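Notes for the one structure printed next.
Side chains are part of it too, since the values below use all heavy atoms of this structure and drop only hydrogens, waters and symmetry mates. The structure displayed is predicted, hence computed values, not measured ones. In listed order, ligands and their atoms are each counted from 1.
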Amino acid sequence: MAYFPEVSEPIRFEGPQSKNPLAFKHYNPEQVVAGKSMKDWFRFAVAYWHTFKGTGVDPFGSGTANRPWDVAADPMQRAHDTMDAAFEFFTKLGVEYWCFHDRDIAPEGANFQESCDNLATIVDYAAKKQEETGVKLLWGTACLFTHPRFQAGASTNPDPHVFAYAAAQVKHAMDATKKLGGVGFTFWGGREGYDTLLNTRMQQEREQFAKLLHMAVKYKQEIGFDVQFYIEPKPKEPTKHQYDSDVAACMNFLREFDLTDHLKLNIETNHATLAAHSMLHELRAAREAGALGSIDANAGDELLGWDTDQFPTSVYLTTEIMLELIAMGGFTTGGLNFDAKVRRQSHDELDLFYAHIGGMDAFARGLISADKIIQDGRLQNFVDERYAGWSTEFGQGILAGNGSFADCEAFVLANGEPARKSGRQEYLENLINEFI
Ligand code: XUL
Ligand code: CO
């Protein structure tokens, strides 16, 4: 059975003149830009949870979405049907990767063992689908935040019984990811934070989180699973304060608990903005720390202070992202995962295509603009010139750690007042706009 009959063949690139809403206007997978094909730059992935399991429910109303694959009475039948719909969608859209939480793809059973069995059954089915289609797994993860047992957190729970549950669940989610050939595994601390400090031992909870991650490192070595772990910063929601609140907090956490060799970061746009940072800031911070692993591509609403997880459509945003990605030389294990959901009123199946096509086209335009900005060279030259003083013997001496207050004083006495130079922000903003 076809779940997307209106899309009879794979979405094709038709070029910027096309008026076909079911065609790419800019994303041309094999087109080479900045030395690599578009598809290799992006490594697009579809997020199983939003696209196939999202219902459109909000705090004021029930689900609105037509999801004909998620209707059978038997939960395992629904899980199989959903997997069919997912692979039909991946292949028609033309993405190479997908991402999932264990509980997105298989339902909780009556007890832990039954949940594990459900997962194993569906993973076998997904493995077959991957083989048939060539679609691959970008990363897997464990859902440690939906079930009521995790109401006070998973690894950061005051009760070690819940910690044990979370760890056991991660073990099986890692097995599932390995079986599906996943190249990454993500830890988003769903409820790893607090609602109130009045009942919380903050430092102990942070230590508990680190202990779980160390167990995961040990386990991946035990099972010979060559996978890249990611931690995904988010400052709040669902908890008031999440411990891995932004890139800086995550880097501090990883250093404090000796985990920097084992985890990179998965940066999400709407999480960056919730943390009162731009996506550019978070990407820059992670990249310059050598820790940028993967990206959850979405966007927030400028006026809403929660995680709206919208599809990215701003070419300015995608240009900034691609400037960072090009500077990094592209992903190794990571990719652009559309951790984004269609709006509640966009309730039919076609909206899922429009949303992803729009996101992919926005990134294609961002890549092309970013490449032009780099080719043009004026932006880079401006920055190089701005910092030129640090290339002198005096500047280099300070950076090498050989400077002293006495040297600085002598320099000022010899050279007098520093000349001020304009930061030229408006000039640079205009320059960027030349290419967008
Ligand atoms: C939640 C979020 C998650 C993670 C995976 O805000 O981004 O979907 O990406 O658990
Ligand atoms: Co995410």
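- At a 4.0 Å cut-off, at least one heavy atom of Asp339 sits close enough to ligand 1 to count as contact.
- A salt bridge between Arg78 and Asp70 is present, with a side-chain N of the basic residue lying under 4.0 Å from a carboxylate O of the acidic one.
- An angle of 90° is found at the Co ion (ligand 2) between Glu268 atom OE1 and Glu232 atom OE2, rounded to 10°.
- With a 4.0 Å heavy-atom cut-off, ligand 1 is reached by no atom of Asn337.
- Under 4.0 Å is where a charged nitrogen must lie from a carboxylate oxygen, and between Asp244 and Lys234 no such pair does.
- In terms of distance to the Co ion (ligand 2), the nearest N, O or S atom of Asp296 is named OD2.
- Only side-chain heavy atoms of Asp296 come within less than 4.0 Å of ligand 1; its backbone N, CA, C and O stay farther off.
- Considering both main-chain and side-chain atoms, Trp49 comes within under 3.5 Å of ligand 1 through a nitrogen or oxygen pair.
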Decide side-chain contact (heavy atoms from CB on, under 4.5 Å) for Val135 and Tyr97; before the verdict, give the C-alpha distance in whole Å, the side-chain angles of both, and the deciding distance to 0.1 Å. CA-CA 6 Å; Val135 175; Tyr97 294 96; 5.9 Å; no
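- At under 3.5 Å, a nitrogen or oxygen of Lys234, whether backbone or side chain, sits near a nitrogen or oxygen of ligand 1.
- Counting just the N/O/S atoms of Asp339, the one with the shortest distance to the Co ion (ligand 2) is named OD2.
- Note: Ile321 CD1 to Leu367 CG = 12.0 Å, rounded to the nearest 0.5 Å.
- When side chains are defined from C-beta on, Tyr243 does not count as touching Phe253, because their heavy atoms never get closer than 4.5 Å.
- A salt bridge does not link Arg43 with Glu96: every distance from a Lys NZ or Arg NE/NH1/NH2 to an Asp or Glu carboxylate oxygen is 4.0 Å or more.
- The closest heavy-atom contact to atom 7 (O) of ligand 1, among the options His101, His50, Glu232, comes from Glu232.
- Looking at ligand 1, you'll find an N or O of Asp307 within less than 3.5 Å of one of its N or O atoms.
- Using a 4.0 Å cut-off between charged nitrogen and carboxylate oxygen, Lys92 and Glu88 count as a salt-bridge pair.
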